[in-house]
Amino acid sequence: MKSDTETDTMQSFTFNGNSFPTYQDMVNAKRKRNQDMLASSGLLEAKAAMDNAFLEEKRRLSTASTTRGLKRSSESKTQPSSDQTTLPRRKSSRLAGVSAPNIYIESEGLTGNIEFGGGDQDINRPSHYNNRVNDGSDLTIADAVELTGSKWVKEGTVESAEYFLTKTLPDIIDDSIPISSFKKKTNKESPTSVTSSGLDSPTSASAKKLLRSQIASLSVDDPDTCVAKVTPDRIYSVVCHPCPDKVIVCAGDKQGHLGIWNVDQYGCPTAESAVHPARPLSTSDGVHLFKPHSGSLSTMAWNNSGTSLLSSSYDGSVRAFDVEKQVFEEIFATYDDDDMYRDKLGFGTDNGYNSWIQSMELDHRFESGKCFFLSTSEGCVMHIDLRSRGKLTFNRTFSEKKINTVRSMRGLISPFERLTYYHSFHPNRSTLATAGLTGIVQLWDVRSIPSNLSKAPKPFAWQNLGGRSINSAFFSPSGKRLLTTTQSDKLQIFEDVQTKSGVIQPLRSIHHDNQTGRWLSTFMARWHTTLTGHEIFIVGSMTQPRCMEIFSHDAELMRAVRGDAMTAVASRCCFHSNANKLIVVGGSSSGRVTVAR
DNA sequence: CTATCGGTTAGAGGT
DNA sequence: ACCTCTCCACCGATAG
């Protein structure tokens, strides 16, 4: 629809029924209207009156002590006690030409890469590119723990984290991961036994019944065992380690903390009884805190064998904790196009303040965990291939605005294929889905991203989901379904998108309140394939009492998981991917993780 | 067109 | 029980 003014060939701008020859005239008229309105509204007088009343009240209170509100902390960095009638006027040392005491800028890069010189040791911490935790070198476990700060590092904290990562975790992997050997796993219980009991078809009545009973039995009642504070700040991402018989939850928070909760260590010896040779200095709650990043830890992913945990951050870096190497290694980082970064993989991928890594996804065509995609706040998608020497395969603009998720299809055929797919190559794994602030979900074939930079990449299918932002678009494990969570309060399911082209239509669309507001992470509904072969998904919820909602593949609400321990909104949820029992995990805005099973 | 503002939202932690 | 802090999540409106 075009207004009359736009369709006129003569340029004219109307406002309040008057027409103006230029846009600027119209704007001026608008401003005059606004000023007149403000002047005639009496607001200015009212404000002056309120200011006076406020000062009066303040003067009155300054003679009597108040009992409400926060007491001004003695070490407050702001002004000293504020209620003196006149404060000394603040003066800028910079404007006065006075240099700061004992500190000066040694060198300054193009984007905030400032090296300080002089000063005390404390003040003189080096500032790294994008304020990252270090210059990109490996972080030992102790480094990563100590970066969390003195508030979280107590006697024995480092030792207990080291014990967990060097001993407990490798033992768990050796004991239970079936991935390296499919045959080994077939000797054990689980999928095979499920098949033999006639549950091979998800449509069979017995399979459905089993699924319903598994979902019905989920509980979150005991706050002592179901909930733990895993990170200091609000949780941006949660994942479970893939080992089938242990629950090890990783949560990433807003400040770049990575918390790992060994859930069933709960109840192990407390700090007092921990002087025990076999389990030196175990913490009572099994939570270990690290800080591999300085910005929001946006996505985490374990590789298939559970030996390497990748994490991406708004600070522009991707790190991997490798069980063999025992360090948090920076495997990719963005840099601006300053010549000094010419030899870096991420050279020229950082465009300054408005530029960060929003999400990460492993490339499921290669099972090494060494190839991955990144999406950025500026609508770009990168592909990084760390096999052999490592290269940035492409960095192309896929969208005009921020891309909240980039996902690569896995295309498992059945749940049992989970045990074998590592050896197969599924053709649909070159299918990518991106979604973000433009409100358009787009599907791409990675193989057809033009290497010629003058040719823009083109999606083969897309849909505009109502204009508002899309929080996430996730493929189900089979690849059959694509699930979107949107700011227009919808959950939508598309099917078989890789066979379509042009505008695609969702098969199901249901209403879901996704208005999390400013202080909670946005909802992102996520899939799971059960051992009964069903695809279900989980999403957080704003409803009271708090709950996590489990839906069937056709968007039927199967269960709202609630209980006494479910006291906060679980903004980011996930399933345990490999456990024989159904286990769901949610992360809250205060760093607490809730486990339902 | 781009930058900025106000509104919205929920939980923890201090007094 | 009440107050304060969170501050790149996003939308819609408005100023420049």
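Each chain gets a letter, A, B and so on, in the order its sequence line appears, and its residues count up from 1.
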Residues forming a salt bridge (charged side-chain N to carboxylate O under 4.0 Å, His left out) with A:R407, sequence neighbours excluded
A:E361
Starting at CG of A:D489 and ending at C1' of C:dC10, how long is that distance when rounded to a whole Å?
12 Å
Run the side-chain contact (heavy atoms from CB on, under 4.5 Å) test against A:C547 and tell me which residues pass, sequence neighbours left out.
A:S541, A:T543, A:E549, A:A560, A:R562
Which comes earlier along DNA chain C counting from the 5' end, the contact point of A:L437 or that of A:K254, where each point is its nearest nucleotide?
A:K254
Mind calculating the distance between NZ (A:K401) and C1' (B:dT2) to the nearest angstrom?
11 Å
What is the distance from NZ of A:K402 to C1' of C:dA9, rounded to the nearest Å?
6 Å
Out of C:dA9, C:dC10, B:dG11, which nucleotide sits closest to the side chain of A:Y314?
C:dA9
Under the rule for side-chain contact (heavy atoms from CB on, under 4.5 Å), what residues qualify as partners of A:Q505, not counting sequence neighbours?
A:Q463, A:V503
Partner residues of A:S359 under the side-chain contact (heavy atoms from CB on, under 4.5 Å) criterion, sequence neighbours left out:
A:T299, A:S375, A:V406
So, does A:N404 get its side chain near the phosphate of C:dC10, meaning an N or O under 4.0 Å from OP1 or OP2?
yes
Which sits closer to the 5' end of DNA chain C, A:R468 or A:W356, going by the nucleotide each is nearest to?
A:W356
Separation of atom CD in A:Q487 from atom P in C:dA9, rounded to whole Å
11 Å
Partner residues of A:S237 under the side-chain contact (heavy atoms from CB on, under 4.5 Å) criterion, sequence neighbours left out
A:L297, A:M300
Reckon A:D513 touches a base, only the sugar-phosphate, or nothing at all at heavy-atom distances under 4.0 Å?
nothing
Is it true that A:K344 and A:D350 have a side-chain N and a carboxylate O under 4.0 angstrom from each other?
no
Between C:dC11 (C1') and A:L465 (CG): distance, integer Å
17 Å
Could you go through nucleotides 3-10 of chain B and list every protein N or O atom that sits under 3.5 Å from one of its N or O atoms, giving the distance for each pair?
residue: B:dT9; atom: O2; partner: A:R518; partner atom: N; Å: 2.2
residue: B:dA10; atom: N6; partner: A:W519; partner atom: NE1; Å: 3.3
residue: B:dA10; atom: N1; partner: A:W519; partner atom: NE1; Å: 3.4

Return the value, rounded to whole Å, for the distance between atom CZ of A:R234 and atom P of B:dG11.
13 Å
Just the rounded figure in Å: distance from P of B:dA12 to CG of A:D253.
15 Å
Evaluate the ring planes of A:F551 and A:H512, with Trp represented by its six-membered ring, and classify them as parallel (under 30°), tilted (30 to 60°) or perpendicular (over 60°).
perpendicular
Using a cut-off of 4.0 Å on non-hydrogen atoms, how would the nucleic acid contact of A:Y236 be classed: base, sugar-phosphate, or nothing?
sugar-phosphate
